[in-house]
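Encoded as structure tokens, the structure appears first; notes follow it.
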Amino acid sequence: MKPRILCVGALTMDTIFRLDTLPPGPGKFIPQEAVEIAAGMASSQAATIARLGGGAFLWASAGLDHVGDRVIAELADEGVDCTFVRRIEGARSAFSSIFVDKSGERMIVPFYDKILVSAPEQIPPIEEGAFDVVMTDVRWPLAAASALRSAREAGIYGVLDADVAPLETLERLLPLASHIVASEPAAEIITGETDIARAVIALAARYRSFVAVTGGDKGCYWSDGEAGILHHIPAFAVDVVDTLAAGDVFHGAFALALAEGHAMEEIMRFASAAAAIKCARFGGRAGAPTRDEVVQFLSA
């Protein structure tokens, strides 16, 4: 039976434009390519898990509008179970405009209706053993906190994708997670450390949980919670086309491999490979690989 992973957080419709360079100022800019795709951190993680062969479930919010209909239909086509997506009458579903340059760097302009991140009325059956792992982002903090608490009470892993967010939000969620996987900018916000290795050690000492920090081309550093014991895996070398959703693909692959019970070194190689493959493809989370593609990449 495939592992069942609940992803909690963001759901958006992304319009992604590929340009030679990011817009320097006002004007009209003609893209080389454009993609519309259902995305958002948790949603991209769920789509990645489904593509890699896991059982993916999404707990997110959308409006009762045509955008909400489209994003849910797209993710369902990917194999994501959207039963727990909350539809809110009167709310506008989230959407983003994103520009990606030829080096893979991006500029993101998102819109989130505040109603979408209001307190959840009910929670999926985490405590009833419906899921093997809970994976949350930081975009719907009230739901993330409930999900991580329930995961702890159920005795299952609760993974936090600690990305850039207000410090108050991060400090509320970090103690609730069994596994923290942070971006480099978020780790600096939390610890004040500009060096990834020092940031990992500081986080592990503070929260006594598994901690990893992803650093793009610097690779990934992690600690199993024992302060001072640091591990590192270099980034895989690829021709970078688009870094959008690379972190989401990493987190989805991490959660799936964790649920499958692999050793941490193997989990990190698997997640890093999945993210590297995605970076070589334009289109945000559309570039997430299949399981066979990751296996072939690692074999090569």
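Not measured: the values here are computed from a predicted model. Sequential numbering from 1 along the given sequence is applied to the chain's residues.
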Going by heavy atoms in the side chains, are [X] and [Y] under 4.5 Å from each other?
X: Val164; Y: Leu170; value: no
X: Phe250; Y: Val181; value: yes
X: Phe57; Y: Cys7; value: no
X: Glu168; Y: Arg172; value: yes
X: Val159; Y: Thr136; value: no
X: Arg291; Y: Leu256; value: yes
X: Asp65; Y: Asp69; value: no
X: Val294; Y: Leu52; value: yes

[X] (side chain) donor-acceptor with [Y] (main chain) under 3.5 angstrom:
X: Ser44; Y: Gly40; value: yes
X: Arg51; Y: Ala46; value: no
X: Ser61; Y: Leu116; value: yes
X: His179; Y: Ala212; value: no
X: Glu193; Y: Arg198; value: no
X: Arg87; Y: Gly63; value: yes
X: Thr214; Y: Gly216; value: no
X: Lys278; Y: Arg281; value: yes
X: Ser223; Y: Ile201; value: no
X: Asp113; Y: Ser93; value: no

Crowding at OH, Tyr112 (>12 non-hydrogen neighbours, <6.0 Å)
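It does: Tyr112 OH has more than 12 such atoms within range.
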Residue among Ile5, Leu258, Leu148 satisfying side-chain contact (heavy atoms from CB on, under 4.5 Å) with Met135:
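So the option named by the test is Ile5.
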For a side-chain contact (heavy atoms from CB on, under 4.5 Å) with Val85, tell me which candidate from Ile72, Leu75, Val80, Val71 qualifies.
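The residue from Ile72, Leu75, Val80, Val71 that satisfies side-chain contact (heavy atoms from CB on, under 4.5 Å) with Val85 turns out to be Ile72.
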Does a donor on one side chain and an acceptor on the other come within less than 3.5 Å for [X] and [Y]?
X: Thr48; Y: Arg285; result: no
X: Asp20; Y: Gln32; result: yes
X: Thr290; Y: Asp292; result: no

Nearest-0.5 Å distance that lies between atom [atom1] in [X] and atom [atom2] in [Y]:
X: Ile126; Y: Phe131; atom1: CD1; atom2: CZ; result: 6.5 Å
X: Leu160; Y: Tyr207; atom1: CG; atom2: OH; result: 10.0 Å
X: Ile108; Y: Asp14; atom1: CD1; atom2: CG; result: 7.5 Å
X: Phe17; Y: Met107; atom1: CZ; atom2: CE; result: 13.0 Å
X: Ile16; Y: Ile98; atom1: CD1; atom2: CD1; result: 5.0 Å
X: Phe29; Y: Leu22; atom1: CZ; atom2: CG; result: 10.0 Å

Working note: Phe210 + Phe254, criterion ring pair (Phe, Tyr, Trp, His ring centres under 6.0 Å); need CA distance, chi angles, decisive distance, verdict.
CA-CA 13 Å; Phe210 173 89; Phe254 176 92; 5.7 Å; yes
Passes side chain to side chain contact (heavy atoms under 4.5 Å, CB included), Val200 versus Leu230? Steps please.
CA-CA 8 Å; Val200 170; Leu230 189 70; 3.6 Å; yes
For the pair Val211 and Trp222, evaluate side chain to side chain contact (heavy atoms under 4.5 Å, CB included) and give the outcome as yes or no after the intermediate values.
CA-CA 6 Å; Val211 172; Trp222 76 93; over 6 Å; no
Check whether Phe111 forms a cation-pi arrangement with Arg92 (NZ or CZ under 6.0 Å from the six-membered ring centre, at most 45° off the ring normal).
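Judged by the rule (NZ or CZ under 6.0 Å from the ring centre, within 45° of its axis), Arg92 counts as positioned above Phe111.
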Under the side chain to side chain contact (heavy atoms under 4.5 Å, CB included) criterion, do Leu58 and Ser43 qualify, and how do the steps go?
CA-CA 7 Å; Leu58 179 64; Ser43 302; 3.5 Å; yes
Glu127 vs Arg152, salt bridge (Lys or Arg N to Asp or Glu O under 4.0 Å): CA-CA, chis, key distance, verdict
CA-CA 9 Å; Glu127 293 180 37; Arg152 177 170 291 180; over 6 Å; no
List the steps and the verdict of side chain to side chain donor-acceptor pair (under 3.5 Å) for Ser118 and Arg86.
CA-CA 11 Å; Ser118 60; Arg86 178 178 70 163; 3.3 Å; yes
Check whether Leu244 and Val241 end up in the same hydrophobic cluster, where Ile, Leu, Val, Met, Phe, Trp and Tyr are linked by side-chain heavy atoms less than 4.5 Å apart.
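Same cluster.
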When the ring centroid of Phe297 is compared with that of Phe236, is the distance short of 6.0 Å?
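Yes, close enough.
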